[in-house]
Amino acid sequence: MPDWLYDAGPDGLLVFLFVTLILGGLGAFVSGRAIAQTWRPLWHVPVYMLALAAAVRFIHFAIFGEVLFSLRNYAVDLAVLTLLAVAGFRAMRSRQMLDQYGWLPAADRPGG
């Protein structure tokens, strides 16, 4: 991982993949699905991801000794988590729309 993108130690890429993509990413995907499942709007996703990105930053700090207050690292974590949460949101919302409006022809469905 380039230093200009993300400050990390010697095992930075592995730690990033494990903590941000696997642990945080799964949490973000499930959070996005939960937000959609309760019929809340998409703008709720980034609000929830602010807190999840802070938790991911804390795991990086507490377990792997990385810098806690790094705006650049927080922004990268936030961007990755938000993308995964939006993917979960869109997957659930598509399923909801298909269940709700499955009787409509595809051209007449909302968003279709």
Side-chain angles (χ1 to χ4, degrees):
M1 180 153 298
D3 289 337
W4 59 267
L5 180 62
Y6 200 82
D7 273 340
D11 298 326
L13 182 60
L14 292 175
V15 171
F16 177 80
L17 290 174
F18 177 67
V19 175
T20 302
L21 285 182
I22 294 175
L23 293 179
L26 288 174
F29 189 82
V30 171
S31 296
R33 287 185 51 155
I35 292 168
Q37 194 169 19
T38 55
W39 290 96
R40 287 183 249 158
L42 182 62
W43 66 265
H44 283 214
V45 170
V47 175
Y48 284 92
M49 290 307 105
L50 290 170
L52 186 59
V56 166
R57 269 305 339 125
F58 181 75
I59 292 171
H60 277 283
F61 166 73
I63 297 175
F64 298 103
E66 292 184 11
V67 178
L68 178 61
F69 297 112
S70 172
L71 186 59
R72 179 175 30 171
N73 290 0
Y74 179 76
V76 171
D77 290 341
L78 179 62
V80 168
L81 296 177
T82 301
L83 286 174
L84 291 169
V86 167
F89 181 92
R90 297 292 296 167
M92 178 55 73
R93 187 54 53 92
S94 295
R95 171 184 266 167
Q96 288 173 318
M97 290 298 170
L98 188 58
D99 289 345
Q100 186 76 24
Y101 300 107
W103 51 272
L104 282 176
D108 294 335
R109 287 188 198 140

Visitor: Could you list the cluster mates of Phe69? Members are the ILVMFWY residues connected by side-chain heavy atoms closer than 4.5 Å, either directly or through other members.
Guide: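 Reading the cluster by chain and number, Phe69 sits alongside Phe58, Phe61, Leu68.
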
Visitor: Indicate yes or no: at least one non-hydrogen side-chain atom of Tyr74 is less than 4.5 angstrom from one of Leu50.
Guide: yes

Visitor: Enumerate the residue pairs fulfilling side-chain hydrogen bond (donor to acceptor under 3.5 Å, both in side chains) with a member in residues 83-93, sequence neighbours excluded, ordered by first and then second residue.
Guide: Arg93-Gln96

Visitor: When the side chains of residues 23-35 are checked against the rest of the protein, which donor-acceptor pairs come out under 3.5 Å, sequence neighbours left out?
Guide:
unit_1, atom_1, unit_2, atom_2, d
Ser31, OG, Gly27, O, 2.7

Visitor: Transitive ILVMFWY cluster of Met92 at side-chain heavy atoms under 4.5 Å: who else is in it?
Guide: none

Visitor: From Leu71 CG over to Arg57 CZ, what is the distance, rounded to the nearest 0.5 angstrom?
Guide: 10.5 Å

Visitor: Distance from Leu21 atom CG to Leu17 atom CG, nearest 0.5 Å?
Guide: 5.5 Å

Visitor: Tell me whether Val80 shares a hydrophobic cluster with Leu83, the cluster being built from Ile, Leu, Val, Met, Phe, Trp, Tyr side chains joined at under 4.5 Å.
Guide: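 No, because Val80 and Leu83 fall into different hydrophobic clusters, even though each may have its own neighbours under 4.5 Å.
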
Visitor: What's the shortest heavy-atom distance between Trp39 and Met97, and which atoms?
Guide: CZ3-CE, 3.9 Å

Visitor: Using the side chain to side chain contact (heavy atoms under 4.5 Å, CB included) criterion, which residues pair with Ile59? Sequence neighbours excluded.
Guide: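 Expected list: Val19, Ile63.
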
Visitor: How about Leu84 and Met49: do any of their side-chain heavy atoms sit closer than 4.5 Å?
Guide: no

Visitor: Could I get the full list of side chain to side chain donor-acceptor pair (under 3.5 Å) partners for Arg40, not counting sequence neighbours?
Guide: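 For Arg40, the residues satisfying side chain to side chain donor-acceptor pair (under 3.5 Å) (neighbours in sequence not counted) are Thr38, Tyr48.
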
Visitor: Return the minimal non-hydrogen interatomic distance between Val45 and Thr82, and the atom names on each side.
Guide: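 The answer is CG1-O, 4.4 Å.
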
Visitor: Looking at every non-hydrogen atom in both residues, tell me the closest pair between Leu42 and Pro46 and how far apart they are.
Guide: O-CD, 3.5 Å

